[in-house]
2 protein chains.
Amino acid sequence: MSGVLCANSIQAWAKLVRAEACVLDAVERELRAEGFPPPIWYDLLLELKAAPEHHLRPVELEARLLLKQYHLSRVIDRMEAEQLVARRKCPTDARGLHIALLPAGGALLKKMWPAYQAAIGRHFAAKLGPGEHQQLSALLDKLLP
Amino acid sequence: MSGVLCANSIQAWAKLVRAEACVLDAVERELRAEGFPPPIWYDLLLELKAAPEHHLRPVELEARLLLKQYHLSRVIDRMEAEQLVARRKCPTDARGLHIALLPAGGALLKKMWPAYQAAIGRHFAAKLGPGEHQQLSALLDKLLP
DNA sequence: GTAATTTTGATGCAATCGCATCTTTTGTCA
DNA sequence: TGACAAAAGATGCGATTGCATCAAAATTAC
């Protein structure tokens with residue numbers, strides 16, 4: 001089953017790790033410098049906003065954002081402390097929760113978008129040519145579950 | 001300068017972050033389960049081994065591995081505690097150091113390679129087609145400094 | 001030559017992560 | 001039904017990260 005990986009594979013692997021770290025770090029740093037929370041907060045809020053009734057269960061958020069269970073649990077702690085989201089009882093499963101979008105969450109989403117977009121544009125999008133975003137997307141799709 | 005990013009860019013961005021996290025996490029988890037240290041230790045040892053006299057300065061390691069200064073400083077702490085590398089005085093710059101590869105470091109490199117290779121193969125390389133590794137490499141190169 | 005600036009590396013402290021485990025509730029199957 | 005396994009979330013604790021800052025040496029400027 002195994003054998004030897006070719007040099008191309010190893011190099012692609014190394015570049016994936018390095019490039020992502022480099023770009024994500026630049027974006028996070030830029031957002032933080034402007035007083036914004038980390039990108040994952042934005043992503044989470046966006047998922048909630050896109051959801052049918054502006055709420056999702058943690059399990060669903062885990063799957064969409066690919067977060068680990070304990071990680072998400074703590075992100076929600078912090079966002080709840082900032083009144084961005086609220087934990088509500090889930091009516092159909094007593095084990096579960098609804099994570100609901102609060103007004104302040106919607107407001108942050110709006111306020112953060114220009115900065116987030118600019119950061120992604122500067123540190124990521126601008127470095128690729130026109131068709132390359134889709135090309136990269138297609139390749140990364142194969143790596144996703 | 002700015003304007004609006006197209007949906008393709010945003011999606012590619014999101015996939016880059018998610019896919020990398022997903023794959024790196026799987027590889028790290030697998031190595032850890034077999035009792036090995038994190039991949040960055042391997043990468044660092046490999047850089048040292050490839051270096052002319054099996055030693056490099058922290059600044060050089062930072063640049064090659066794209067690590068932050070304080071991060072690298074602490075990684076070296078841990079690796080030094082395990083006798084994998086040693087901090088030596090740098091003869092040409094009294095501020096600096098030589099990080100030297102120790103025998104145990106070389107041994108770990110050898111011992112770890114099969115596991116590392118297998119993990120990368122399983123969680124990354126196997127998911128891409130023959131030419132796609134190079135294709136991905138080329139795209140990621142544009143994101144690197 | 002000396003003062004100001006930059007570079008290199010370390011570290012205190014607070015925030016975050018990762019693992020393992022716990023509680024509660026659901027689902028399965030005899 | 002009743003026992004047993006699986007799923008959803010929370011959390012204690014130790015390890016790691018990130019920021020800010022420090023000290024020491026090299027470089028630059030005057």
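Order of the sequence lines sets the chain letters (A, B, ...), proteins ahead of strands, with each chain counted from 1. Given the structure is predicted, the values throughout are model-derived calculations rather than measurements.
- The environment of CZ in A:Arg88 is sparse: at most 12 heavy-atom neighbours from other residues, nucleotides or ligands sit within 6.0 Å.
- Of all the heavy atoms in B:Pro37 and B:Met112, the pair that sits closest is O-CE, 3.3 Å.
- Near DNA chain C, defined here as any heavy-atom distance below 4.0 Å, the residues from residues 73-91 of chain B are B:Ser73, B:Arg74, B:Arg87, listed numerically.
- With rounding to the nearest 0.5 Å, the separation of SG in A:Cys22 from CG in B:Leu144 is 6.0 Å.
- In this structure, CG of B:Asp93 is placed 14 Å from C1' of D:dA23, rounded to the nearest angstrom.
- For the pair B:Leu67 CG and C:dG9 P, the interatomic distance rounds to 13 Å; values are reported in whole Å.
- When rounded to the nearest whole Å, the span between CZ of B:Arg29 and P of C:dC19 equals 5 Å.
- Spacing between atom CG of B:Leu65 and atom P of D:dT17 amounts to 13 Å, rounded to whole angstrom units.
- Side chains of A:Val17 and B:Val23 form no contact here, defined as non-hydrogen atoms less than 4.5 Å apart.
- Where A:Pro58 and A:Arg32 each meet DNA chain D at their nearest nucleotide, the meeting point lying more 5' is that of A:Pro58.
- Rounded to whole Å, the distance from CG on A:Leu56 to P on D:dG9 is 11 Å.
- Across the protein-nucleic acid pair, B:Leu31 atom CG and C:dG18 atom P stand 15 Å apart, rounded to whole Å.
- Closest non-hydrogen pair, B:Pro91 versus B:His98, comes out as CD-NE2, 3.5 Å.
- In this structure, the side chain to side chain donor-acceptor pair (under 3.5 Å) partners of B:Asp43, at least two apart in sequence or on a different chain, are B:Tyr116.
- Rounded to whole Å, atom P of D:dA24 lies 15 Å from atom CG of B:Leu97.
- Considering only heavy atoms from C-beta on, B:Leu143 comes within 4.5 Å of B:Leu16 through its side chain.
- For the atom pair SG (A:Cys6) and CD (A:Gln11), the distance works out to 9.5 Å, reported to the nearest 0.5 Å.
- A donor and an acceptor atom never sit less than 3.5 Å apart when one is taken from the side chain of A:Gln69 and the other from the base of D:dA8.
- Evaluation of the salt bridge (Lys or Arg N to Asp or Glu O under 4.0 Å) test over residues 95-120 of chain A, restricted to residues two or more places apart or in two chains, returns A:Asp93-A:Arg95.
- Between B:Lys68 and D:dT17 there is no side-chain polar atom (N or O) within less than 4.0 angstrom of OP1 or OP2.
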N/O to N/O distances under 3.5 Å, protein versus nucleotides 1-7 of chain D:
| from | atom 1 | to | atom 2 | distance (Å) |
| --- | --- | --- | --- | --- |
| D:dA7 | N3 | A:Arg95 | NH1 | 3.1 |

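- A sub-4.0 Å separation between OP1 or OP2 of D:dC19 and a side-chain N or O of B:Tyr70 is present.
- A heavy-atom distance below 4.5 Å is found between the side chains of B:Leu136 and A:Leu136.
- Separating the CD atom of B:Glu28 from the P atom of D:dT16 is a distance of 12 Å, rounded to the nearest angstrom.
- Heavy atoms of other residues, nucleotides or ligands lying less than 6.0 angstrom from CD of A:Gln134 number 12 at most.
- Applying a 4.0 Å cut-off to non-hydrogen atoms, none of the residues of residues 36-53 of chain A approaches DNA chain D.
- When all heavy atoms of B:Arg87 and B:Ser73 are compared, the pair lying nearest together is NH2-O, 3.8 Å.
- Taking CG of A:Leu44 as the reference point, atom CG of A:Leu101 lies at 9.5 Å (rounded to 0.5 Å).
- Cluster annotation: A:Leu66 is not connected to B:Val27 through the hydrophobic network of ILVMFWY side chains, with a link wherever side-chain heavy atoms come within less than 4.5 Å.
- Across its full length, the helix from C:dG1-D:dC30 to C:dA30-D:dT1 shows an angle of 30° between the axes of its 5 terminal pairs at either end, rounded to 10 degrees.
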